[in-house]
Amino acid sequence: MNPSAAMASQPNRDLPPLPGRAPQPIVEVRSISKTYAGGIEALSGISLEFPEGRLTTLLGPSGCGKTTLLKIIAGLIPATGGQVLVDGREVTGPGPERAFVFQDFALMPWASVIRNVAFGLELRGVAHSEREAIAERHIARVGLKGFERKYPHELSGGMRQRVGLARALAVDAKVVLMDEPFSAVDEQTRRKFQEELLELVANEGKSFIFVTHSIEEAVYVSDRIALLSRRPSRVSAIIEPQIQRGGDPEKIRRDSAYLDVVEAIWQQLRHYLD
Amino acid sequence: MQISELAPALPALREAPARRWRDLLIHPLVLRLLSFAAVLALWEYAGRIPLSPAFPTFLETLGGLGAIMADGTLFKAFLITLHPLVIGLTASILCGIALGVLMGLHEPSEWLFAPIFVIAQAAPLAALIPILTFAYGIGLTAKVMTVCIMAMPVIVLNTLGAVRNTPKSLLEMGSSFLATRSQSIRLIILPAASPMIFAGLRLGCAAAFIGVILAELLITPTGIGDVISYNQSVADYPKMYAAILSIIVFSVLFIELLERIEVTLFRPEARP
Ligand SMILES: Nc1ncnc2c1ncn2[C@@H]1O[C@H](COP(=O)(O)OP(=O)(O)O)[C@@H](O)[C@H]1O
Ligand SMILES: [Mg+2]
(Lines give C-alpha, C1' and ligand atoms only; values in the text may rest on other atoms or scores of the structure.)
(Ligands and ions follow the chains in the order given, each with its own letter.)
Protein backbone atom coordinates (compact mmCIF):
# COMPACT_ATOMS: atom_id res chain seq x y z
CA MET A 1 0.00 0.00 0.00
CA ASN A 2 1.08 3.50 -0.70
CA PRO A 3 2.62 4.70 2.55
CA SER A 4 0.91 8.03 2.59
CA ALA A 5 -2.42 7.52 0.95
CA ALA A 6 -4.83 4.68 0.85
CA MET A 7 -6.97 5.04 -2.21
CA ALA A 8 -9.98 2.92 -2.76
CA SER A 9 -12.16 2.85 -5.78
CA GLN A 10 -14.88 1.04 -3.83
CA PRO A 11 -16.66 3.68 -1.86
CA ASN A 12 -18.00 1.31 0.72
CA ARG A 13 -15.08 -0.90 1.49
CA ASP A 14 -14.47 -2.00 5.04
CA LEU A 15 -12.09 0.30 6.81
CA PRO A 16 -9.17 -1.17 8.62
CA PRO A 17 -9.56 -0.15 12.24
CA LEU A 18 -7.72 3.08 12.92
CA PRO A 19 -4.98 2.55 15.51
CA GLY A 20 -6.20 2.93 19.06
CA ARG A 21 -9.79 3.66 18.07
CA ALA A 22 -12.96 1.67 17.96
CA PRO A 23 -13.92 0.79 14.38
CA GLN A 24 -17.54 1.63 15.16
CA PRO A 25 -18.72 4.57 13.00
CA ILE A 26 -20.38 7.41 14.86
CA VAL A 27 -22.34 8.52 11.80
CA GLU A 28 -23.56 6.23 9.07
CA VAL A 29 -25.10 7.46 5.85
CA ARG A 30 -27.07 4.74 4.05
CA SER A 31 -27.96 5.29 0.39
CA ILE A 32 -29.12 8.82 0.93
CA SER A 33 -30.63 10.57 -2.04
CA LYS A 34 -32.03 14.03 -2.31
CA THR A 35 -34.07 15.59 -5.07
CA TYR A 36 -34.98 19.21 -4.50
CA ALA A 37 -38.36 20.61 -5.43
CA GLY A 38 -37.97 21.55 -9.06
CA GLY A 39 -36.32 18.25 -9.91
CA ILE A 40 -32.69 19.03 -9.10
CA GLU A 41 -31.16 15.72 -8.07
CA ALA A 42 -28.41 16.69 -5.64
CA LEU A 43 -27.52 13.31 -4.14
CA SER A 44 -28.09 9.89 -5.58
CA GLY A 45 -27.68 6.97 -3.21
CA ILE A 46 -24.70 8.06 -1.13
CA SER A 47 -23.39 5.65 1.49
CA LEU A 48 -20.63 6.66 3.87
CA GLU A 49 -19.27 5.96 7.31
CA PHE A 50 -17.73 8.46 9.66
CA PRO A 51 -15.40 6.95 12.26
CA GLU A 52 -15.64 8.16 15.83
CA GLY A 53 -13.14 10.66 17.18
CA ARG A 54 -11.86 11.51 13.72
CA LEU A 55 -12.15 14.31 11.24
CA THR A 56 -13.77 13.20 8.02
CA THR A 57 -13.98 15.59 5.12
CA LEU A 58 -16.51 15.82 2.32
CA LEU A 59 -14.56 17.14 -0.64
CA GLY A 60 -15.95 17.84 -4.06
CA PRO A 61 -16.56 20.42 -6.72
CA SER A 62 -18.75 23.34 -5.88
CA GLY A 63 -22.48 22.58 -6.26
CA CYS A 64 -22.00 18.82 -5.93
CA GLY A 65 -24.17 18.52 -2.84
CA LYS A 66 -21.76 18.72 0.11
CA THR A 67 -23.89 21.20 2.01
CA THR A 68 -26.99 19.19 1.18
CA LEU A 69 -25.47 16.02 2.63
CA LEU A 70 -24.22 17.82 5.74
CA LYS A 71 -27.62 19.38 6.38
CA ILE A 72 -29.30 16.01 5.96
CA ILE A 73 -26.90 14.56 8.54
CA ALA A 74 -27.71 17.55 10.77
CA GLY A 75 -31.42 16.84 10.37
CA LEU A 76 -32.02 20.31 8.97
CA ILE A 77 -33.46 19.09 5.68
CA PRO A 78 -35.18 15.77 4.97
CA ALA A 79 -33.66 13.28 2.56
CA THR A 80 -35.73 11.96 -0.31
CA GLY A 81 -34.53 8.42 0.35
CA GLY A 82 -32.18 6.45 2.58
CA GLN A 83 -31.33 6.92 6.23
CA VAL A 84 -28.74 8.49 8.48
CA LEU A 85 -27.71 6.83 11.72
CA VAL A 86 -25.95 8.74 14.47
CA ASP A 87 -24.62 6.58 17.25
CA GLY A 88 -26.81 3.78 15.92
CA ARG A 89 -30.06 5.79 16.05
CA GLU A 90 -31.88 7.01 12.99
CA VAL A 91 -31.91 10.76 12.43
CA THR A 92 -35.34 12.36 12.12
CA GLY A 93 -34.32 15.94 12.92
CA PRO A 94 -31.66 17.93 14.72
CA GLY A 95 -30.37 16.41 17.94
CA PRO A 96 -28.28 17.34 20.96
CA GLU A 97 -25.45 15.04 19.87
CA ARG A 98 -24.82 17.12 16.72
CA ALA A 99 -23.73 20.75 16.48
CA PHE A 100 -23.40 22.79 13.30
CA VAL A 101 -20.85 25.42 12.29
CA PHE A 102 -22.25 27.53 9.47
CA GLN A 103 -20.44 28.77 6.40
CA ASP A 104 -21.92 32.27 6.85
CA PHE A 105 -21.41 32.11 10.65
CA ALA A 106 -25.17 32.58 11.36
CA LEU A 107 -24.55 34.85 14.32
CA MET A 108 -27.35 36.95 15.77
CA PRO A 109 -26.29 40.56 15.12
CA TRP A 110 -28.34 41.86 18.05
CA ALA A 111 -26.65 39.55 20.55
CA SER A 112 -23.23 39.94 22.15
CA VAL A 113 -20.51 37.36 21.61
CA ILE A 114 -21.24 35.66 24.91
CA ARG A 115 -24.96 35.45 24.24
CA ASN A 116 -24.30 34.01 20.78
CA VAL A 117 -21.94 31.41 22.19
CA ALA A 118 -24.37 30.53 24.99
CA PHE A 119 -27.37 30.44 22.64
CA GLY A 120 -27.50 26.65 22.31
CA LEU A 121 -27.52 26.40 26.09
CA GLU A 122 -30.10 29.18 26.39
CA LEU A 123 -32.41 27.21 24.10
CA ARG A 124 -31.90 24.17 26.31
CA GLY A 125 -32.97 26.14 29.37
CA VAL A 126 -29.58 26.22 31.11
CA ALA A 127 -29.60 28.91 33.83
CA HIS A 128 -28.11 32.27 32.93
CA SER A 129 -25.04 32.23 35.19
CA GLU A 130 -24.23 28.64 34.39
CA ARG A 131 -24.41 29.08 30.63
CA GLU A 132 -22.35 32.27 30.76
CA ALA A 133 -19.66 30.45 32.69
CA ILE A 134 -19.59 27.68 30.10
CA ALA A 135 -19.63 30.19 27.25
CA GLU A 136 -16.77 32.17 28.79
CA ARG A 137 -14.67 29.03 28.90
CA HIS A 138 -15.26 28.31 25.23
CA ILE A 139 -14.71 31.92 24.21
CA ALA A 140 -11.32 31.82 25.91
CA ARG A 141 -10.68 28.48 24.29
CA VAL A 142 -11.11 29.82 20.74
CA GLY A 143 -8.92 32.81 21.59
CA LEU A 144 -11.57 35.51 22.01
CA LYS A 145 -11.07 36.32 25.68
CA GLY A 146 -11.92 39.97 26.24
CA PHE A 147 -14.45 40.08 23.39
CA GLU A 148 -17.37 38.64 25.38
CA ARG A 149 -19.41 41.85 25.34
CA LYS A 150 -18.65 42.82 21.74
CA TYR A 151 -21.18 42.47 18.95
CA PRO A 152 -20.63 40.48 15.74
CA HIS A 153 -20.32 43.58 13.55
CA GLU A 154 -17.34 44.66 15.66
CA LEU A 155 -15.44 41.47 14.82
CA SER A 156 -13.48 40.37 11.76
CA GLY A 157 -14.65 37.43 9.65
CA GLY A 158 -12.17 35.12 11.31
CA MET A 159 -13.28 36.15 14.77
CA ARG A 160 -16.92 35.66 13.86
CA GLN A 161 -16.22 32.12 12.81
CA ARG A 162 -14.47 31.56 16.13
CA VAL A 163 -17.73 32.61 17.78
CA GLY A 164 -19.59 30.11 15.59
CA LEU A 165 -17.14 27.41 16.58
CA ALA A 166 -17.34 28.27 20.28
CA ARG A 167 -21.14 28.08 20.06
CA ALA A 168 -20.92 24.58 18.59
CA LEU A 169 -18.41 23.45 21.20
CA ALA A 170 -20.42 24.94 24.08
CA VAL A 171 -23.29 22.48 23.67
CA ASP A 172 -20.79 19.63 24.00
CA ALA A 173 -22.11 17.60 21.08
CA LYS A 174 -20.38 14.38 20.08
CA VAL A 175 -20.38 15.27 16.41
CA VAL A 176 -19.44 18.68 15.06
CA LEU A 177 -20.60 19.42 11.51
CA MET A 178 -18.68 22.19 9.76
CA ASP A 179 -19.77 23.59 6.41
CA GLU A 180 -16.81 25.30 4.73
CA PRO A 181 -16.14 27.11 7.99
CA PHE A 182 -12.95 28.77 6.77
CA SER A 183 -14.03 29.79 3.29
CA ALA A 184 -14.89 33.35 4.29
CA VAL A 185 -11.63 34.13 6.10
CA ASP A 186 -8.28 35.21 4.72
CA GLU A 187 -5.54 32.71 3.98
CA GLN A 188 -3.39 33.44 7.03
CA THR A 189 -6.29 33.12 9.41
CA ARG A 190 -7.34 30.02 7.56
CA ARG A 191 -4.02 28.28 8.18
CA LYS A 192 -4.14 29.21 11.83
CA PHE A 193 -7.66 27.78 11.99
CA GLN A 194 -6.47 24.56 10.43
CA GLU A 195 -3.81 24.15 13.12
CA GLU A 196 -6.35 24.83 15.82
CA LEU A 197 -8.81 22.41 14.28
CA LEU A 198 -6.19 19.66 14.37
CA GLU A 199 -5.63 20.43 18.03
CA LEU A 200 -9.36 20.21 18.72
CA VAL A 201 -9.65 16.86 16.97
CA ALA A 202 -6.66 15.53 18.94
CA ASN A 203 -7.84 16.78 22.34
CA GLU A 204 -11.63 16.87 22.31
CA GLY A 205 -12.57 13.30 21.61
CA LYS A 206 -15.29 14.59 19.33
CA SER A 207 -15.99 13.49 15.78
CA PHE A 208 -15.83 16.15 13.09
CA ILE A 209 -17.48 16.17 9.70
CA PHE A 210 -15.90 18.88 7.65
CA VAL A 211 -16.86 20.25 4.26
CA THR A 212 -14.44 22.04 2.00
CA HIS A 213 -13.71 22.53 -1.66
CA SER A 214 -10.01 23.08 -1.01
CA ILE A 215 -7.91 20.00 -1.67
CA GLU A 216 -4.95 21.29 0.36
CA GLU A 217 -7.17 22.05 3.32
CA ALA A 218 -8.81 18.64 3.14
CA VAL A 219 -5.50 16.78 3.00
CA TYR A 220 -4.00 18.90 5.76
CA VAL A 221 -6.74 18.47 8.35
CA SER A 222 -8.45 15.16 7.54
CA ASP A 223 -8.08 11.68 8.84
CA ARG A 224 -10.37 10.57 6.05
CA ILE A 225 -11.63 12.23 2.88
CA ALA A 226 -14.75 11.28 0.97
CA LEU A 227 -14.36 12.51 -2.56
CA LEU A 228 -17.72 13.38 -4.08
CA SER A 229 -18.46 13.40 -7.77
CA ARG A 230 -20.40 16.00 -9.63
CA ARG A 231 -24.16 16.29 -9.18
CA PRO A 232 -26.02 13.97 -8.73
CA SER A 233 -23.40 13.17 -6.19
CA ARG A 234 -21.88 9.80 -5.33
CA VAL A 235 -18.77 8.90 -3.40
CA SER A 236 -16.03 8.50 -5.98
CA ALA A 237 -13.20 7.63 -3.58
CA ILE A 238 -12.24 7.39 0.06
CA ILE A 239 -8.79 8.68 0.89
CA GLU A 240 -6.91 8.45 4.16
CA PRO A 241 -4.05 10.92 4.03
CA GLN A 242 -2.17 9.52 7.09
CA ILE A 243 0.03 12.57 7.31
CA GLN A 244 2.59 12.53 10.10
CA ARG A 245 1.36 15.42 12.17
CA GLY A 246 2.80 17.07 15.23
CA GLY A 247 5.80 18.58 13.49
CA ASP A 248 6.40 21.99 12.06
CA PRO A 249 3.30 22.91 10.00
CA GLU A 250 5.41 24.51 7.29
CA LYS A 251 7.43 21.34 6.95
CA ILE A 252 4.30 19.25 6.61
CA ARG A 253 3.00 21.47 3.85
CA ARG A 254 6.21 20.88 1.93
CA ASP A 255 6.35 17.20 2.82
CA SER A 256 6.32 14.93 -0.24
CA ALA A 257 3.73 12.56 1.28
CA TYR A 258 1.34 15.50 1.76
CA LEU A 259 1.99 16.83 -1.71
CA ASP A 260 1.49 13.37 -3.25
CA VAL A 261 -1.98 13.04 -1.75
CA VAL A 262 -2.90 16.51 -2.93
CA GLU A 263 -1.72 15.61 -6.41
CA ALA A 264 -3.55 12.27 -6.42
CA ILE A 265 -6.83 13.94 -5.45
CA TRP A 266 -6.28 16.66 -8.01
CA GLN A 267 -5.89 13.97 -10.70
CA GLN A 268 -9.16 12.39 -9.52
CA LEU A 269 -11.08 15.63 -9.55
CA ARG A 270 -9.63 16.89 -12.81
CA HIS A 271 -11.86 14.93 -15.08
CA TYR A 272 -14.92 16.57 -13.49
CA LEU A 273 -13.71 19.83 -14.84
CA ASP A 274 -13.81 18.67 -18.46
CA MET B 1 -3.77 32.44 -1.69
CA GLN B 2 -5.49 35.79 -1.61
CA ILE B 3 -2.57 38.14 -1.18
CA SER B 4 -4.65 40.99 -2.49
CA GLU B 5 -6.97 40.74 0.49
CA LEU B 6 -4.07 41.01 2.87
CA ALA B 7 -2.60 44.10 1.28
CA PRO B 8 -3.62 47.02 3.47
CA ALA B 9 -5.10 49.99 1.71
CA LEU B 10 -2.60 52.79 1.53
CA PRO B 11 -3.77 55.60 3.77
CA ALA B 12 -4.25 58.69 1.67
CA LEU B 13 -2.19 61.60 2.84
CA ARG B 14 -4.26 64.66 3.44
CA GLU B 15 -3.52 68.05 4.79
CA ALA B 16 -4.62 68.14 8.41
CA PRO B 17 -6.47 71.49 8.62
CA ALA B 18 -8.37 70.99 5.38
CA ARG B 19 -9.38 67.60 6.65
CA ARG B 20 -10.61 69.01 9.93
CA TRP B 21 -12.84 71.46 8.09
CA ARG B 22 -14.19 68.75 5.86
CA ASP B 23 -14.86 66.44 8.82
CA LEU B 24 -16.78 69.25 10.53
CA LEU B 25 -18.71 70.01 7.37
CA ILE B 26 -19.83 66.42 6.87
CA HIS B 27 -20.71 65.90 10.52
CA PRO B 28 -24.33 64.61 10.52
CA LEU B 29 -25.57 67.29 12.90
CA VAL B 30 -24.01 70.11 10.86
CA LEU B 31 -25.46 68.68 7.66
CA ARG B 32 -28.90 68.43 9.21
CA LEU B 33 -28.79 72.00 10.47
CA LEU B 34 -27.62 73.17 7.05
CA SER B 35 -30.50 71.39 5.40
CA PHE B 36 -33.01 72.96 7.82
CA ALA B 37 -31.47 76.38 7.33
CA ALA B 38 -31.67 76.04 3.55
CA VAL B 39 -35.38 75.12 3.68
CA LEU B 40 -36.17 77.99 6.05
CA ALA B 41 -34.20 80.49 3.95
CA LEU B 42 -36.06 79.36 0.86
CA TRP B 43 -39.33 79.76 2.72
CA GLU B 44 -38.41 83.26 3.86
CA TYR B 45 -37.41 84.17 0.29
CA ALA B 46 -40.59 82.70 -1.23
CA GLY B 47 -42.68 84.59 1.32
CA ARG B 48 -40.98 87.85 0.44
CA ILE B 49 -41.39 87.64 -3.34
CA PRO B 50 -44.33 87.19 -2.42
CA LEU B 51 -45.37 83.89 -3.91
CA SER B 52 -48.96 84.52 -2.90
CA PRO B 53 -50.60 86.92 -0.47
CA ALA B 54 -51.77 83.85 1.40
CA PHE B 55 -48.21 82.63 1.97
CA PRO B 56 -46.48 84.33 4.92
CA THR B 57 -42.72 84.48 5.35
CA PHE B 58 -40.99 82.29 7.90
CA LEU B 59 -40.48 85.19 10.30
CA GLU B 60 -44.14 86.22 10.07
CA THR B 61 -45.07 82.64 10.78
CA LEU B 62 -42.85 82.65 13.86
CA GLY B 63 -44.72 85.75 14.98
CA GLY B 64 -48.02 83.93 14.49
CA LEU B 65 -46.65 80.99 16.42
CA GLY B 66 -45.75 83.27 19.30
CA ALA B 67 -49.26 84.66 19.30
CA ILE B 68 -51.12 81.33 19.36
CA MET B 69 -48.71 80.00 21.97
CA ALA B 70 -49.12 83.08 24.18
CA ASP B 71 -52.93 82.96 24.29
CA GLY B 72 -52.98 79.20 24.94
CA THR B 73 -54.80 78.33 21.69
CA LEU B 74 -52.06 76.06 20.44
CA PHE B 75 -51.74 74.08 23.66
CA LYS B 76 -55.51 73.49 23.90
CA ALA B 77 -55.67 72.54 20.24
CA PHE B 78 -52.86 70.02 20.65
CA LEU B 79 -54.62 68.33 23.55
CA ILE B 80 -57.74 67.92 21.42
CA THR B 81 -55.83 66.66 18.36
CA LEU B 82 -53.78 64.22 20.41
CA HIS B 83 -56.92 62.47 21.60
CA PRO B 84 -57.88 60.66 18.36
CA LEU B 85 -54.21 60.49 17.39
CA VAL B 86 -53.11 58.61 20.52
CA ILE B 87 -56.07 56.22 20.42
CA GLY B 88 -55.72 55.56 16.69
CA LEU B 89 -51.96 55.22 16.76
CA THR B 90 -51.93 52.91 19.78
CA ALA B 91 -54.56 50.70 18.19
CA SER B 92 -52.69 50.72 14.87
CA ILE B 93 -49.39 49.82 16.49
CA LEU B 94 -50.78 47.02 18.66
CA CYS B 95 -53.11 45.50 16.07
CA GLY B 96 -50.74 46.26 13.21
CA ILE B 97 -47.75 44.46 14.72
CA ALA B 98 -49.87 41.57 15.96
CA LEU B 99 -51.55 41.10 12.57
CA GLY B 100 -48.29 41.53 10.68
CA VAL B 101 -46.53 38.93 12.81
CA LEU B 102 -49.47 36.55 12.49
CA MET B 103 -49.50 36.97 8.72
CA GLY B 104 -45.75 36.53 8.55
CA LEU B 105 -45.85 33.28 10.47
CA HIS B 106 -49.03 31.81 9.10
CA GLU B 107 -49.52 31.96 5.35
CA PRO B 108 -53.30 31.42 5.16
CA SER B 109 -53.87 34.46 7.35
CA GLU B 110 -51.73 36.46 4.95
CA TRP B 111 -54.04 35.49 2.08
CA LEU B 112 -56.98 36.45 4.27
CA PHE B 113 -55.81 39.85 5.54
CA ALA B 114 -53.12 41.19 3.25
CA PRO B 115 -55.46 42.31 0.43
CA ILE B 116 -57.38 44.54 2.86
CA PHE B 117 -54.24 46.41 3.83
CA VAL B 118 -52.87 46.62 0.33
CA ILE B 119 -56.16 48.21 -0.76
CA ALA B 120 -56.29 50.48 2.30
CA GLN B 121 -52.77 51.64 1.56
CA ALA B 122 -53.59 52.45 -2.04
CA ALA B 123 -57.03 54.00 -1.45
CA PRO B 124 -57.25 57.80 -1.48
CA LEU B 125 -58.25 58.72 2.06
CA ALA B 126 -60.31 61.76 1.15
CA ALA B 127 -62.59 59.52 -0.89
CA LEU B 128 -63.12 57.22 2.09
CA ILE B 129 -64.05 59.95 4.53
CA PRO B 130 -67.69 60.29 3.40
CA ILE B 131 -68.09 56.56 3.95
CA LEU B 132 -66.45 56.83 7.37
CA THR B 133 -68.73 59.67 8.46
CA PHE B 134 -71.70 57.76 7.17
CA ALA B 135 -70.70 54.73 9.22
CA TYR B 136 -69.27 56.35 12.36
CA GLY B 137 -70.77 59.84 12.48
CA ILE B 138 -68.64 62.95 12.84
CA GLY B 139 -67.32 62.37 16.33
CA LEU B 140 -64.16 60.89 17.78
CA THR B 141 -64.72 57.41 16.27
CA ALA B 142 -64.55 58.61 12.69
CA LYS B 143 -61.31 60.47 13.42
CA VAL B 144 -59.78 57.48 15.16
CA MET B 145 -60.74 55.35 12.16
CA THR B 146 -59.10 57.84 9.81
CA VAL B 147 -55.88 57.62 11.80
CA CYS B 148 -56.04 53.82 11.72
CA ILE B 149 -56.68 53.66 8.00
CA MET B 150 -53.67 55.87 7.41
CA ALA B 151 -51.28 54.28 9.90
CA MET B 152 -52.15 50.60 10.08
CA PRO B 153 -51.44 49.37 6.52
CA VAL B 154 -47.82 50.46 6.47
CA ILE B 155 -47.24 49.01 9.94
CA VAL B 156 -48.88 45.70 9.02
CA LEU B 157 -47.16 45.34 5.67
CA ASN B 158 -43.73 46.25 7.03
CA THR B 159 -44.12 43.83 9.90
CA LEU B 160 -45.20 41.09 7.51
CA GLY B 161 -42.19 41.74 5.27
CA ALA B 162 -39.86 41.88 8.27
CA VAL B 163 -41.01 38.53 9.61
CA ARG B 164 -40.78 36.94 6.17
CA ASN B 165 -37.26 38.27 5.67
CA THR B 166 -35.75 36.54 8.69
CA PRO B 167 -32.39 35.25 7.43
CA LYS B 168 -32.77 31.59 6.58
CA SER B 169 -29.43 30.73 8.08
CA LEU B 170 -30.50 32.12 11.47
CA LEU B 171 -33.61 29.96 11.37
CA GLU B 172 -31.51 26.93 10.49
CA MET B 173 -29.09 27.83 13.26
CA GLY B 174 -32.02 27.92 15.68
CA SER B 175 -33.35 24.55 14.66
CA SER B 176 -29.90 22.96 14.65
CA PHE B 177 -29.54 24.04 18.28
CA LEU B 178 -32.99 22.60 19.01
CA ALA B 179 -35.11 25.74 19.27
CA THR B 180 -38.81 25.08 19.70
CA ARG B 181 -41.19 27.01 17.45
CA SER B 182 -41.97 29.50 20.19
CA GLN B 183 -38.29 29.98 21.05
CA SER B 184 -37.44 30.60 17.44
CA ILE B 185 -40.23 33.20 17.18
CA ARG B 186 -39.27 34.99 20.40
CA LEU B 187 -35.52 34.73 20.23
CA ILE B 188 -34.81 34.84 16.49
CA ILE B 189 -37.68 35.97 14.28
CA LEU B 190 -38.88 38.96 16.32
CA PRO B 191 -35.43 40.38 17.14
CA ALA B 192 -34.37 39.94 13.52
CA ALA B 193 -37.54 41.66 12.35
CA SER B 194 -37.46 44.53 14.83
CA PRO B 195 -35.42 47.05 12.77
CA MET B 196 -37.85 46.76 9.85
CA ILE B 197 -40.88 46.74 12.16
CA PHE B 198 -39.62 49.99 13.66
CA ALA B 199 -39.10 51.45 10.21
CA GLY B 200 -42.77 50.65 9.58
CA LEU B 201 -43.72 52.25 12.89
CA ARG B 202 -41.95 55.47 11.96
CA LEU B 203 -43.76 55.59 8.62
CA GLY B 204 -47.01 54.69 10.39
CA CYS B 205 -46.59 57.54 12.87
CA ALA B 206 -45.99 60.05 10.10
CA ALA B 207 -49.10 58.76 8.32
CA ALA B 208 -51.11 58.96 11.55
CA PHE B 209 -50.24 62.65 11.94
CA ILE B 210 -51.34 63.30 8.38
CA GLY B 211 -54.50 61.28 9.02
CA VAL B 212 -55.53 63.12 12.15
CA ILE B 213 -55.08 66.56 10.55
CA LEU B 214 -57.00 65.44 7.46
CA ALA B 215 -59.79 64.19 9.68
CA GLU B 216 -59.89 67.48 11.54
CA LEU B 217 -60.01 69.40 8.29
CA LEU B 218 -62.47 67.18 6.44
CA ILE B 219 -64.82 65.79 9.09
CA THR B 220 -65.35 68.46 11.75
CA PRO B 221 -62.86 71.18 12.59
CA THR B 222 -61.35 70.48 16.00
CA GLY B 223 -57.93 70.90 17.55
CA ILE B 224 -55.09 71.90 15.24
CA GLY B 225 -57.36 71.40 12.23
CA ASP B 226 -59.69 73.99 13.70
CA VAL B 227 -56.84 76.46 14.26
CA ILE B 228 -55.78 75.96 10.65
CA SER B 229 -59.21 76.32 9.09
CA TYR B 230 -60.35 79.14 11.40
CA ASN B 231 -57.28 81.27 10.67
CA GLN B 232 -57.61 80.51 7.00
CA SER B 233 -61.20 81.75 7.04
CA VAL B 234 -60.21 85.02 8.72
CA ALA B 235 -57.14 85.33 6.46
CA ASP B 236 -54.69 85.28 9.39
CA TYR B 237 -52.15 83.31 7.39
CA PRO B 238 -49.18 83.58 9.77
CA LYS B 239 -51.22 81.84 12.49
CA MET B 240 -52.53 79.28 10.02
CA TYR B 241 -49.00 78.37 8.92
CA ALA B 242 -47.80 78.45 12.52
CA ALA B 243 -50.32 75.72 13.33
CA ILE B 244 -49.18 73.66 10.34
CA LEU B 245 -45.53 74.18 11.26
CA SER B 246 -46.12 73.20 14.86
CA ILE B 247 -47.76 69.90 13.95
CA ILE B 248 -44.93 69.07 11.52
CA VAL B 249 -42.29 69.84 14.15
CA PHE B 250 -44.19 67.83 16.72
CA SER B 251 -44.45 64.83 14.41
CA VAL B 252 -40.74 64.97 13.51
CA LEU B 253 -39.78 65.13 17.20
CA PHE B 254 -42.13 62.27 18.00
CA ILE B 255 -40.62 60.08 15.29
CA GLU B 256 -37.12 60.96 16.49
CA LEU B 257 -38.15 59.93 19.99
CA LEU B 258 -39.42 56.63 18.64
CA GLU B 259 -36.03 55.99 17.06
CA ARG B 260 -34.29 56.73 20.36
CA ILE B 261 -36.61 54.29 22.13
CA GLU B 262 -35.89 51.63 19.55
CA VAL B 263 -32.13 51.92 19.93
CA THR B 264 -32.22 51.99 23.73
CA LEU B 265 -34.63 49.13 24.17
CA PHE B 266 -34.12 46.86 21.19
CA ARG B 267 -30.82 47.51 19.46
CA PRO B 268 -27.96 47.13 21.91
CA GLU B 269 -25.57 46.61 18.99
CA ALA B 270 -26.49 49.97 17.43
CA ARG B 271 -25.69 51.95 20.57
CA PRO B 272 -22.61 54.12 20.21
N1 LIG C 1 -33.04 24.71 -1.60
C2 LIG C 1 -32.64 24.27 -2.82
N3 LIG C 1 -33.55 24.14 -3.82
C4 LIG C 1 -33.19 23.70 -5.03
N5 LIG C 1 -31.95 23.34 -5.37
C6 LIG C 1 -30.99 23.44 -4.42
C7 LIG C 1 -31.29 23.92 -3.10
N8 LIG C 1 -30.15 23.91 -2.38
C9 LIG C 1 -29.18 23.46 -3.20
N10 LIG C 1 -29.68 23.17 -4.43
C11 LIG C 1 -28.92 22.63 -5.56
O12 LIG C 1 -28.37 21.40 -5.17
C13 LIG C 1 -27.05 21.30 -5.62
C14 LIG C 1 -26.12 21.02 -4.47
O15 LIG C 1 -26.08 22.14 -3.62
P16 LIG C 1 -25.12 22.23 -2.36
O17 LIG C 1 -25.41 21.06 -1.48
O18 LIG C 1 -25.28 23.56 -1.78
O19 LIG C 1 -23.66 22.08 -3.03
P20 LIG C 1 -22.22 22.35 -2.40
O21 LIG C 1 -22.37 22.64 -0.95
O22 LIG C 1 -21.44 21.11 -2.67
O23 LIG C 1 -21.63 23.50 -3.14
C24 LIG C 1 -26.72 22.58 -6.35
O25 LIG C 1 -26.82 22.33 -7.73
C26 LIG C 1 -27.78 23.54 -5.91
O27 LIG C 1 -28.10 24.40 -6.96
MG1 LIG D 1 -21.91 24.41 0.14
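A quick note: this is a predicted structure, and the numbers were derived from the prediction, not measured. Order of the sequence lines fixes the chain letters, A, B, ..., with proteins taken first and strands second; residue numbering starts at 1 for each chain.
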Does the side chain of A/Glu187 reach to within under 4.5 Å of the side chain of A/Phe182, using non-hydrogen atoms? no

Side chain / backbone / both / neither for A/Glu154 at chain B, heavy atoms under 4.5 Å: neither

With chain B as the partner, which of A/Pro109, A/Ala74, A/Gly75, A/Ala99 has the greatest number of non-hydrogen pairs under 4.5 Å? A/Pro109

Top contributor to chain B contacts, counting heavy-atom pairs under 4.5 Å, from A/Glu122, A/Arg98, A/Gln103, A/Arg124: A/Arg124

Backbone N/O of A/Ala106 and side chain of B/Ser169: donor-acceptor pair under 3.5 Å: no

Would you please say whether a donor-acceptor pair under 3.5 Å links the side chains of B/Thr81 and B/Glu216? yes

Would you mind checking which part of A/Arg115 comes under 4.5 Å of any heavy atom in chain B, side chain (CB onward), backbone (N, CA, C, O), both or neither? side chain

For A/Glu136, which residues count as a side chain to side chain donor-acceptor pair (under 3.5 Å) partner, sequence neighbours excluded? none

By side chain to side chain donor-acceptor pair (under 3.5 Å) - contacts of A/Arg137 (at least two apart): none

Backbone of A/Ile134 reached by a side-chain donor or acceptor of A/His138 within 3.5 Å: yes

Please enumerate all residues that pass side chain to side chain donor-acceptor pair (under 3.5 Å) together with A/Ser207, with sequence neighbours excluded. none

Honestly, the part of A/Phe119 sitting under 4.5 Å from a heavy atom of chain B is side chain

Where on A/Lys150 is there a heavy atom nearer than 4.5 Å to chain B: the side chain, the backbone, both, or neither? neither

Side chains of B/Arg164 and B/Glu107: closer than 4.5 Å at any heavy-atom pair? yes

With a 4.5 angstrom heavy-atom cut-off, which part of A/Arg167 approaches chain B: side chain, backbone, both or neither? both

Below 4.5 Å from any heavy atom of chain B, which atoms of A/Phe100 appear? Answer side chain, backbone, both or neither. both

Donor-acceptor under 3.5 Å (B/Gln121 side chain, B/Pro153 main chain): no

Let me know if A/Pro152 has heavy atoms under 4.5 Å from chain B in its side chain, its backbone, both or neither. neither

Nearest heavy atoms of A/Leu55 and A/Val221, plus distance in Å: CD2-O, 3.8 Å

Give, as side chain, backbone, both or neither, the part of A/Leu121 having an atom under 4.5 angstrom from any heavy atom of chain B. neither

Sole residue of A/Val91, A/Leu69, A/Thr92 in side chain to side chain contact (heavy atoms under 4.5 Å, CB included) with A/Val84: A/Val91

Residues 187-213 of chain B vs chain A, non-hydrogen distance cutoff under 4.5 Å, contacting residues -> B/Leu187, B/Ile188, B/Pro191, B/Ala192

